[in-house]
Amino acid sequence: MHCLHGTFLSFMGFCSHASLSHVLLVLVLFSLAESQETHTRLTDILLRDYAFRCYHSHAKTGHLYAVRFPPNLSGIEATTARYRSGSLRRYGAQIKEFLLSPGTIITPYVERLIAVRQRLDGSSSVDYSNIPGFRLVSPLLGLLLYNGDDLNSTNPLLLDISSTNRPIVVDFSNVTKLLLPDVTPYCAFWDLEGKVRLSQLGAPANVCLGYKQGHYGLIVEEMDRGEKASKWKIVLGSSVGGGLGAVLLGLLLIALVKKKKRLKIEEMERRAYEEEALQVSMVGHVRAPVAGGTRTMPILEDDYSL
């Protein structure tokens with residue numbers, strides 16, 4: 001189910017639908033836009049506001065709603081859902097790529113909460129791809145939880161989430177870009193303060209494990225141009241070599257089949273020639289060669305002279 005939103009064509013248009021306190025907050029954030037943390041927090045606030053517009057008095061608890069954005073916000077996808085804190089702790093929840101296991105603790109406690117799952121592609125995730133020596137090879141997946149008791153709040157409280165028993169599972173299997181066979185990605189986690197932490201992939205592959213809300217992505221070590229070209233040459237050479245080997249093997253099999261067929265024909269011709277020169281017949285239960293019969297010409301015993 002998609003939730004409809006007004007068009008966000010300009011900052012002034014956005015201000016006309018917001019309260020004075022909200023406008024002042026956005027102006028302050030724009031004035032500090034040189035810092036990465038401010039950039040990312042501004043994106044989070046914008047996605048939060050669009051997500052909250054999905055809800056009305058008849059919104060279903062635990063139902064996933066796809067958040068729709070205007071065309072000028074390309075590369076951004078979001079999904080939202082509303083939960084009861086007690087149910088979330090007892091049963092957990094599956095929010096697209098995020099799996100919250102039973103035992104998830106929300107602080108401070110609220111009766112209802114709203115989860116906003118984010119997917120940032122391309123230039124939308126540029127603020128998270130500035131790790132020296134690494135590059136982002138997957139969309140950036142984020143999960144943030146807000147107080148959902150008051151749907152009309154202009155600045156809902158950002159909640160804290162932790163999992164004491166089982167980690168938060170983030171599955172990148174369906175969104176990860178194609179990687180080289182010998183490249184092992186790392187999990188990168190950006191917390192709400194913009195700090196990044198790296199960890200190994202979990203099992204199965206392309207799965208990140210975490211204990212906090214924030215943004216997750218897969219990164220690989222950045223190779224220089226020569227090393228990258230060398231690896232691509234190895235991969236390309238292996239592919240070409242394997243293809244040539246398969247072709248040569250096929251030609252060899254064809255040659256062997258033709259030779260076997262030719263020898264069989266020669267053997268049949270040889271046997272036919274021998275049977276024609278020396279006839280074979282059955283003597284009892286044994287095949288035995290026999291000489292061909294020749295008629296003896298008659299000879300006169302007495303000669304008469306005229």
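Keep in mind that what you see is a predicted model, and the values were worked out from it rather than measured. When reading the values below, keep in mind they use all heavy atoms of this one structure, side chains included, and skip hydrogens, waters and symmetry mates.
Residues satisfying the ring pair (Phe, Tyr, Trp, His ring centres under 6.0 Å) test with Tyr186, not counting sequence neighbours, are none. In this view, Gln213 satisfies the side-chain hydrogen bond (donor to acceptor under 3.5 Å, both in side chains) rule with no residue, not counting sequence neighbours. The ring pair (Phe, Tyr, Trp, His ring centres under 6.0 Å) test applied to Tyr83 returns no partner, not counting sequence neighbours. For Asp171, the side-chain hydrogen bond (donor to acceptor under 3.5 Å, both in side chains) criterion is met by Ser173, not counting sequence neighbours.
Put simply, the side chain of Tyr216 never gets that close to the backbone of Phe172: no donor and acceptor are under 3.5 Å apart. Checking side-chain atoms of Ser138 against main-chain N and O of Gly217 turns up no donor-acceptor pair under 3.5 Å. With hydrogens and angles ignored, the 3.5 Å screen pairs a side-chain donor or acceptor of Tyr65 with a backbone N or O of Lys60.
Annotation for Leu218 and Pro185: closest pair CB-CB, 4.3 Å, computed over non-hydrogen atoms.
Interatomic distance, Leu198 CG to Cys187 SG, rounded to the nearest 0.5 Å: 9.0 Å. Atom-to-atom distance recorded for Ile76:CD1 and Leu46:CG is 6.5 Å, nearest 0.5 angstrom. With rounding to the nearest 0.5 Å, the separation of CG in Leu64 from CZ in Arg82 is 15.0 Å. Here CD of Gln118 is found 10.5 Å from OG1 of Thr79. Values are rounded to the nearest 0.5 Å. Atom CG of Leu145 is separated from atom CG of Leu113 by 5.5 Å, given to the nearest 0.5 angstrom. Note that the CD atom of Glu77 and the CG atom of Leu141 stand 9.0 Å from one another [nearest 0.5 Å].
With a 4.5 Å cut-off on side-chain heavy atoms, Leu151 and Ile114 count as touching. Between Val67 and Val116 there is no side-chain heavy-atom pair separated by less than 4.5 Å. Within the 4.5 Å cutoff, side-chain heavy atoms of Asp191 are placed close to those of Phe189.
The stretch residues 140-162 participates, sequence neighbours left out, in these salt bridge (charged side-chain N to carboxylate O under 4.0 Å, His left out) pairs: Asp160-Lys212.
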With a cut-off of 3.5 Å and sequence neighbours excluded, list every side-chain donor-acceptor pair involving residues 91-103.
unit_1: Gln94; atom_1: NE2; unit_2: Lys96; atom_2: O; d: 2.6
unit_1: Gln94; atom_1: NE2; unit_2: Phe98; atom_2: O; d: 3.3
unit_1: Glu97; atom_1: OE1; unit_2: Arg117; atom_2: NE; d: 3.0
unit_1: Glu97; atom_1: OE1; unit_2: Arg117; atom_2: NH2; d: 3.2
unit_1: Glu97; atom_1: OE2; unit_2: Arg117; atom_2: NH2; d: 3.0

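For Thr61 and Arg112, the side-chain atoms include at least one donor-acceptor pair closer than 3.5 Å. Side-chain contact check for Tyr146 and Ser153: no donor-acceptor pair (N or O, by modelled atom type) lies under 3.5 Å.
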